[in-house]
J.: 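The structure under discussion is supplied below as structure tokens; questions concerning it will follow.
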Amino acid sequence: MTTVPPKIAILGFSLETNGFSPPSTRRDFEESYLFSGAALETDLRAVNSRASGTLPGFVREMDSTGAWSMAPLTVAATSPGGPVEQGFFDEFLAQVEAGLRAAMPVQGVYISEHGAASSTGDVDPDGTLFERVRKIVGPGVPVVVTLDLHANVSQRMVDKTDVMIAFLTNPHVDQRERGMEAARAMRELLGGLKTAKALVRIPLMPPSVTLLTGVGESEADIASGTLPRPYGELIREGQKHVSPASSGPTSVLNVSISAGFFLTDSSKAGMTVLVTTRGDQAAASRLARTLAQRAWDQRYRFVPRLISLEDAVARLRRVCDDPNAPPICLADVADNPGGGGRGNTTALLSALLEAGVHGVALATFNDAELAAEAHRLGVGARFTAHFNRAESHPLSGKLSAPAEVMALSDGNLIGRRGAAGGRRIALGPAARIRVGGIDVVVIGIRQQCTDPGIPEHLGIDIAKLRGFVVKSRGHFRAGFAEFYDDARIVEVDAPGLASPVLARLPYRNLPRPIFPLDPDTQWQATGN
């Protein structure tokens, strides 16, 4: 008797919502990643895909573990930003539903999700998507999900899926491995596995700057424990309990400790521990409570420590004036596009220009109009650069300064390190302009600078810089580790929509009390 290979539907929605940023639109997704049908499958099977690593990781592992066929539906992903416009999300849901119904029967569904989305009309669009999928395929079809470790996890998300697998590393250098893990879980579920799950939510909302797990580029580096990171320690403790299928029918399949995204301003806020076992509910509940209590007991280690803008500028000025001082990297963490920042605040750049620093580069500054002007003028042109000419957000700020066009690019390149390694990067029209002693990489599509190839492809030799300013919170660390170790990275307390100083943010929807906003919060892990 011939066995028909299982057909697996593939879809996903990826948005890390910053509740204080302008809404995310269809155009944001079109500029970043919006693929359907045959075009989606082509990209997922490309040598250098534009998709998140979870998707090609899932495809490669399914290919290597047996016959199967893909039903490529729709994947929408963009850089973190404000809540997605409800109209676009409704269109996305309708497209997924139509595609899934047309593909039926399917034997499994894989969803590549971020998990921290909100929309202008829905506090839990991730849960809404999972619920729609489950309603179509029914209770017996495996639904496997991968999540960013900054996901805001709801009970509905857990209830409507069989397995949810969060990243283990931050910076996220294990996306491909988590996609592969999802494929292995799918194979177990196709073989008849029934899972048991336990979710515990903790009233702990750590800012992202406190959530590093390590900067190595492999899981072996992360597992070595050489860097004392509280979040990394917690994740590694959870992974000690995970066992392969051969360990027994009731062993632990997955432990996902999701810190949540502190900027979403969501009723789902709070770190969660999700334990999935091979059918043992009591074991799942017991381990989830144990890990949750451990996280809570470590809560004071999740309080951020930043350096003032003034002190950071003074430190870089000293480095510029001392040729024997090791170069440093200033992280403009509050303007991180990877957290919903606009990527175009001028406060730090203005202060550095006033201080007269030299031999410094900044990447990346999001200003499509300025990039386009540099392209019109051409390399060598001298002009007055008007930063944020078309920007109205008060935190962004205006800045005008004499500038020279040093290099131009169409913004298309292949990442070479970290989370972007091997992936196609699209910056939009890009320019390197020199303002005073600073080379600024200006781009047309908002995103954080995670890969050294971004400044390098415009002729910047990072190793020769006295200082590097990066608009990123933490993912740049994996990409730039060859240039800057932890001791030479300075996290700057500057203005921005992604500020990790929680007391400055106008929260409206959080469950209260929650630590560290409410430092006297009391909590104990109890029966689940």
Side-chain angles (χ1 to χ4, degrees), residues 14-22 24 28 32 77-82 114 116-117 148-151 167 169-173 205-213 215 231 259-265 304-307 309 312 329-349 352 361-367 388 391 393 395-397 415 418-420 425 427 440-443 445-452 454-455 468-480 484 489-502 504-505:
S14 183
L15 171 66
E16 186 177 57
T17 294
N18 182 320
F20 314 110
S21 295
S24 298
D28 293 319
S32 298
T78 191
S79 293
H114 182 284
D148 191 292
L149 53 68
H150 297 111
F167 302 161
T169 64
N170 185 27
H172 304 328
V173 295
M205 188 174 68
S208 297
V209 293
T210 68
L211 296 172
L212 296 171
T213 61
V215 297
Y231 193 38
F261 188 50
F262 73 105
L263 292 168
T264 305
D265 189 19
R305 295 171 177 82
L306 306 178
I307 294 179
L309 187 152
C329 174
L330 303 187
D332 194 358
V333 295
D335 193 35
N336 169 32
R342 304 299 295 158
N344 64 2
T345 60
T346 57
L348 182 53
L349 176 58
L352 291 171
L362 183 154
T364 51
F365 196 97
N366 173 45
D367 192 329
N388 292 333
E391 175 63 67
H393 198 283
L395 284 180
S396 296
I425 299 174
L427 305 171
V440 181
V441 177
V442 184
I443 61 174
I445 298 177
R446 182 179 63 90
Q447 58 197 282
Q448 65 178 313
C449 182
T450 60
D451 194 281
I454 292 174
F468 182 62
V469 183
V470 60
K471 287 185 178 288
S472 176
R473 183 273 310 161
H475 291 314
F476 73 94
R477 289 173 180 260
F480 291 85
Y484 307 103
I489 295 174
V490 179
E491 295 177 333
V492 185
D493 187 7
L497 287 168
S499 173
V501 184
L502 306 191
R504 297 176 187 166
L505 301 172

J.: Hey, could you give me the SG/CZ distance between Cys329 and Arg477, rounded to the nearest 0.5 Å?
T.: 8.0 Å

J.: Any donor-acceptor pair under 3.5 Å linking the side chain of Ser21 with the backbone of Gly340?
T.: yes

J.: Between Arg342 and Leu395, is there a side-chain heavy-atom distance shorter than 4.5 Å?
T.: no

J.: Holding to salt bridge (Lys or Arg N to Asp or Glu O under 4.0 Å), I want the full list of residues that pass it with Asp332, two or more places apart in sequence or in another chain.
T.: Lys471

J.: Using modelled atom types and a 3.5 Å cut-off, is there a donor and acceptor pairing between side-chain atoms of Asn18 and backbone atoms of Gly82?
T.: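 Such a contact is absent between Asn18 side chain and Gly82 backbone.
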
J.: Could you state the interatomic distance from CZ (Phe261) to CE (Met205), rounded to the nearest 0.5 Å?
T.: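 It comes to 10.5 Å.
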
J.: Which is it for Cys449 and Phe476 under the side chain to side chain contact (heavy atoms under 4.5 Å, CB included) test, yes or no, and what are the steps along the way?
T.: CA-CA 6 Å; Cys449 182; Phe476 73 94; 5.9 Å; no

J.: When you measure from the side chain of Ser79 to the backbone of Ser32, do you find a donor-acceptor pair of N or O atoms at a distance under 3.5 Å?
T.: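 Absent.
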
J.: With sequence neighbours left out, what residues match Thr17 under side chain to side chain donor-acceptor pair (under 3.5 Å)?
T.: none

J.: Holding to side-chain contact (heavy atoms from CB on, under 4.5 Å), I want the full list of residues that pass it with Ile307, two or more places apart in sequence or in another chain.
T.: Asp311, Ala312, Arg315, Val490

J.: Specify the closest pair of heavy atoms between Ala498 and Phe262, including all atoms of both residues, with the distance to one decimal.
T.: O-CZ, 4.0 Å

J.: Give the minimum heavy-atom separation between Leu211 and Pro206, together with the two atoms involved.
T.: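 Smallest interatomic distance, heavy atoms only, reads CD2-CG, 3.7 Å.
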
J.: Could you tell me which residues satisfy side chain to side chain donor-acceptor pair (under 3.5 Å) with Thr210, sequence neighbours excluded, listed by chain and number?
T.: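 Scan of Thr210 (side chain to side chain donor-acceptor pair (under 3.5 Å), adjacent residues dropped) gives none.
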
J.: Does the side chain of Arg473 come within less than 4.5 Å of Leu212's, by heavy atoms?
T.: yes

J.: Looking only at heavy atoms, which two atoms of Leu309 and Pro495 are closest? And how far apart?
T.: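 Shortest heavy-atom contact: CD1-CD, 4.4 Å.
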
J.: Ignoring hydrogens and geometry, is there a side-chain-to-backbone donor-acceptor pair from Asn170 to Thr213 under 3.5 Å?
T.: no

J.: Assess the residue pair Asn388 and Asp367 against the criterion (side chain to side chain contact (heavy atoms under 4.5 Å, CB included)); give the C-alpha distance rounded to whole Å, side-chain angles, the decisive distance to 0.1 Å, and a yes or no.
T.: CA-CA 6 Å; Asn388 292 333; Asp367 192 329; 4.0 Å; yes

J.: Looking at every non-hydrogen atom in both residues, tell me the closest pair between Ala116 and Thr264 and how far apart they are.
T.: O-OG1, 3.8 Å

J.: Quick one: list whatever passes ring pair (Phe, Tyr, Trp, His ring centres under 6.0 Å) with Phe20, sequence neighbours left out.
T.: Tyr507

J.: Between Thr345 and Ala347, is there a donor-acceptor pair closer than 3.5 Å when you use the side chain of the first and the backbone of the second?
T.: no

J.: Please report the closest heavy-atom contact between Ala478 and Gly418, naming both atoms and the distance.
T.: CB-CA, 3.9 Å

J.: Using the rule given for side chain to side chain contact (heavy atoms under 4.5 Å, CB included), can you reason through Val469 versus Leu349, listing the C-alpha separation, both sets of side-chain angles and the distance that settles it, and then say yes or no?
T.: CA-CA 9 Å; Val469 183; Leu349 176 58; over 6 Å; no

J.: Holding to side-chain contact (heavy atoms from CB on, under 4.5 Å), I want the full list of residues that pass it with Ala420, two or more places apart in sequence or in another chain.
T.: Ile425, Thr450, Asp451

J.: Do Pro455 and Phe480 make a side-chain contact, defined as non-hydrogen atoms from C-beta onward lying under 4.5 Å apart?
T.: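 Result yes, sub-4.5 Å side-chain heavy-atom pair found.
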
J.: With His114, which residues qualify under side chain to side chain donor-acceptor pair (under 3.5 Å), at least two apart?
T.: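 With sequence neighbours excluded, His114 shows a side chain to side chain donor-acceptor pair (under 3.5 Å) to Glu16, Asp148, given in chain and number order.
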
J.: Between the side chain of Tyr231 and the main-chain N/O of Ala259, is any donor-acceptor distance below 3.5 Å?
T.: yes

J.: Can you see which heavy atom on Ala419 is nearest to which on Val173, and at what distance?
T.: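 For Ala419 versus Val173, the nearest heavy atoms are N-CG1, 4.1 Å.
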
J.: Residues in ring pair (Phe, Tyr, Trp, His ring centres under 6.0 Å) with Phe167, at least two apart?
T.: His172

J.: For the backbone of Asn344 and the side chain of Asn366, can you confirm whether one donor and one acceptor N or O come within less than 3.5 Å of each other?
T.: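 No, because the side chain of Asn366 does not come within donor-acceptor range (under 3.5 Å) of the backbone of Asn344.
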
J.: From the options Ile489, Leu362, Val492, select the one residue that forms a side-chain contact (heavy atoms from CB on, under 4.5 Å) with Leu330.
T.: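 That would be Val492.
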
J.: Atom CD of Gln448 and atom CG of Asp335: how far apart are they, to the nearest 0.5 Å?
T.: 11.0 Å

J.: Listed by chain and number, what are the side chain to side chain donor-acceptor pair (under 3.5 Å) partners of Thr346, not counting sequence neighbours?
T.: none

J.: When rounded to the nearest 0.5 angstrom, what is the spacing between CG in Leu306 and CD in Glu491?
T.: 6.0 Å

J.: Among all residues two or more places apart in sequence or in another chain, which pass the salt bridge (Lys or Arg N to Asp or Glu O under 4.0 Å) test with Arg504?
T.: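 Result, salt bridge (Lys or Arg N to Asp or Glu O under 4.0 Å) vs Arg504: Asp493.
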
J.: Who pairs with Arg446 by salt bridge (Lys or Arg N to Asp or Glu O under 4.0 Å), at least two apart in sequence or on another chain?
T.: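 For Arg446, no residue satisfies salt bridge (Lys or Arg N to Asp or Glu O under 4.0 Å) once neighbours in sequence are set aside.
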
